[in-house]
There are 2 protein chains.
Amino acid sequence: MVTPKKTPAGTGRRAELLATAAEVFAELGYNATTVRTIADRAGMLAGSLYYHFDSKESMADEILSAFLTDLWEGYRRIEEAGLGPRETFEGLVTESFRQMERHRPAVVIYQKEARRLAAQERFGYLADSQQRFRKLWTHTLERGVADGSFRRELDVPVAYRFVRDTVWVAAVWFRPRGRKSAAQIAQQYTSMVLDGIAT
Amino acid sequence: MVTPKKTPAGTGRRAELLATAAEVFAELGYNATTVRTIADRAGMLAGSLYYHFDSKESMADEILSAFLTDLWEGYRRIEEAGLGPRETFEGLVTESFRQMERHRPAVVIYQKEARRLAAQERFGYLADSQQRFRKLWTHTLERGVADGSFRRELDVPVAYRFVRDTVWVAAVWFRPRGRKSAAQIAQQYTSMVLDGIAT
DNA sequence: CCTACCGATCGGTAGG
DNA sequence: CCTACCGATCGGTAGG
């Protein structure tokens with residue numbers, strides 16, 4: 001994924017700069033963000049960023065891989081819990097919103113840029129992650145159809161994209177500081193997706 | 001919205017160029033798209049685009065306003081049909097997918113760029129449209145809660161964002177040339193949202 | 001982390 | 001629609 005060249009990972013200033021960069025990338029989009037904007041917001045000059053990072057691309061790389069590492073750590077725990085399909089489904093949605101709380105800007109960047117970035121070799125792990133993601137969710141949906149938790153006539157590939165999009169796109173408006181916690185939103189979402197909004 | 005300066009709207013070549021530009025914008029993002037890329041793909045040189053259009057921004061403007069004009073024309077018909085909340089809901093989803101079929105690249109651009117573009121004065125109609133959109137869907141959901149079509153405990157603002165995102169984000173993967181028509185996808189979506197995926 | 005700078009590329013234009 | 005070009009801005013670097 002990433003080999004920081006100049007400052008050890010986890011260092012205070014470096015983490016601060018990454019958080020700033022993530023916010024700007026999420027707000028303006030990766031391409032529309034200039035290293036000058038990031039530097040401005042961090043209170044330094046553009047050139048000084050290169051004391052901490054190799055390139056603009058490295059910053060995006062570190063932001064995205066940190067998010068995906070945490071996400072897969074969370075998903076792994078749910079996979080290993082050996083739950084039924086409906087409970088697995090609920091667990092995955094809840095975990096996704098929890099990660100959104102921690103990595104909101106990263107999720108927005110992921111949503112907007114992953115497709116384009118994944119074409120580059122250094123971002124190959126984005127494509128790997130998407131594959132794994134698809135398998136995990138598809139498998140959960142299929143298990144649920146098989147054991148009668150989910151509707152027999154469910155079109156699994158369509159349902160998969162429906163759920164995936166529905167959950168992640170919420171990062172655009174979801175504010176953990178708002179009136180609702182991640183767990184509450186997750187509960188509302190699973191309820192709407194599992195049981196529908198009609199009576 | 002837009003005042004084409006140099007070639008009458010609807011002219012063959014102009015429409016062709018807009019379709020090309022829309023595809024490139026959708027594929028690469030507005031900022032990452034250079035006028036040279038659009039010109040290349042249209043088989044002309046960058047400078048020649050300016051015989052047809054004032055600016056790169058004008059192209060995006062025309063693409064987005066053409067889409068929104070058609071969308072609101074479609075929605076207006078449904079509003080005027082005087083249907084109940086559930087049927088209005090189904091009609092709006094179906095119409096949205098129908099417009100996605102006609103204006104897929106425009107919808108992708110809208111998804112990715114509307115928030116940022118809306119800040120500019122010339123794209124003020126994007127913010128107006130979002131307002132109108134929110135009112136129409138919120139009103140439909142509220143009517144449904146009131147008459148018992150939708151669940152009494154439904155959180156309307158959350159449900160609104162849920163439905164809005166869920167429908168439009170489908171433009172990223174939806175291919176009208178694929179195995180499923182817009183009407184079929186719309187039917188699957190309304191079924192999942194209204195009645196859920198669980199048994 | 002700053003000063004000072006560079007090559008590349010961008011959106012756009014004048015003139016034909 | 002092309003030729004030829006421009007000012008601005010970009011990501012990034014050398015040297016301190």
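Every chain is numbered from 1 and lettered A, B, ... according to where its sequence line falls, protein lines coming before strand lines. Worth knowing before you read on, the calculation uses all heavy atoms, side chains too, and leaves out hydrogens, waters and symmetry mates. These figures come from a predicted structure and were not determined experimentally.
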task = Would you mind reading off the distance between A/Asp40 atom CG and D/dT9 atom C1', rounded to a whole angstrom?
result = 14 Å

A/Asp165: salt bridge (charged side-chain N to carboxylate O under 4.0 Å, His left out) partners, not counting sequence neighbours = none

key: Geometric class of the B/Trp168/B/Phe133 ring pair [parallel <30°, tilted 30-60°, perpendicular >60°]   = tilted

query = So do B/Thr190 and B/Phe97 actually touch side chain to side chain, heavy atoms under 4.5 Å?
reply = no

task = List in numerical order all residues of residues 24-34 of chain A for which some heavy atom is under 4.0 Å away from an atom belonging to DNA chain D.
result = A/Thr33, A/Thr34

inquiry  = With a sphere of 6.0 Å drawn around CZ of A/Arg143, does it hold more than 12 non-hydrogen atoms of other residues, nucleotides or ligands?
reply    = yes

task = On the 0 to 90° scale, with breaks at 30° and 60°, tag the A/Trp72-A/Tyr75 ring pair as parallel, tilted or perpendicular.
result = perpendicular

task = With pairs defined as Watson-Crick or G-U wobble and both distances under 3.5 angstrom, please note down DNA chain D as a dot-bracket string, | for pairing with another strand.
result = ||||||||||||||||

request  = Rounded off to whole Å, could you give me the CZ-to-C1' distance for the A/Phe53 and D/dT13 pair?
outcome  = 17 Å

query = Does the pair A/Arg13 and A/Glu16 meet the rule for a salt bridge (charged side-chain N to carboxylate O under 4.0 Å, His left out), with working shown?
reply = CA-CA 5 Å; A/Arg13 188 56 172 150; A/Glu16 265 176 48; 2.9 Å; yes

ask   = Taking C-beta and beyond as the side chain, do B/Thr34 and B/Thr37 meet within less than 4.5 Å on heavy atoms?
value = yes

ask   = In whole angstroms, how far is the P atom of C/dT13 from the NZ atom of B/Lys56?
value = 14 Å

Grab the N/O contacts between the protein and nucleotides 2-5 of chain D below 3.5 Å, and write none if there aren't any.
{"unit_1": "D/dC2", "atom_1": "OP2", "unit_2": "B/Leu45", "atom_2": "N", "d": "2.9"}
{"unit_1": "D/dC2", "atom_1": "OP2", "unit_2": "B/Ser48", "atom_2": "OG", "d": "2.5"}

message = Looking at D/dT13, I'd like to know if its phosphate oxygens (OP1 or OP2) sit under 4.0 Å from a side-chain N or O belonging to A/Tyr50.
response = no

ask   = Roughly how many Å is it from CG in B/Asp61 to P in C/dG11, rounded to a whole number?
value = 17 Å

request  = Provide, to the nearest angstrom, the distance between the CG atom belonging to B/Leu49 and the P atom belonging to C/dC10.
outcome  = 14 Å

message = Between A/Thr199 and B/Arg152, do the side chains contain a donor N or O and an acceptor N or O under 3.5 Å apart?
response = no

ask   = Is there any ring-ring contact (aromatic ring centres under 6.0 Å, His included) pair reaching into residues 30-49 of chain B, and which pairs are they, with sequence neighbours excluded?
value = B/Phe25-B/Tyr30

task = Return yes if some donor-acceptor pair links the side-chain N/O of A/Arg116 with the main-chain N/O of B/Leu28 below 3.5 Å, else return no.
result = yes

note = Atom CD of B/Glu57 and atom P of C/dG11 are separated, to the nearest Å, by 12 Å

request  = Applying salt bridge (charged side-chain N to carboxylate O under 4.0 Å, His left out), name anything that partners A/Asp195, two or more places apart in sequence or on another chain.
outcome  = A/Arg86

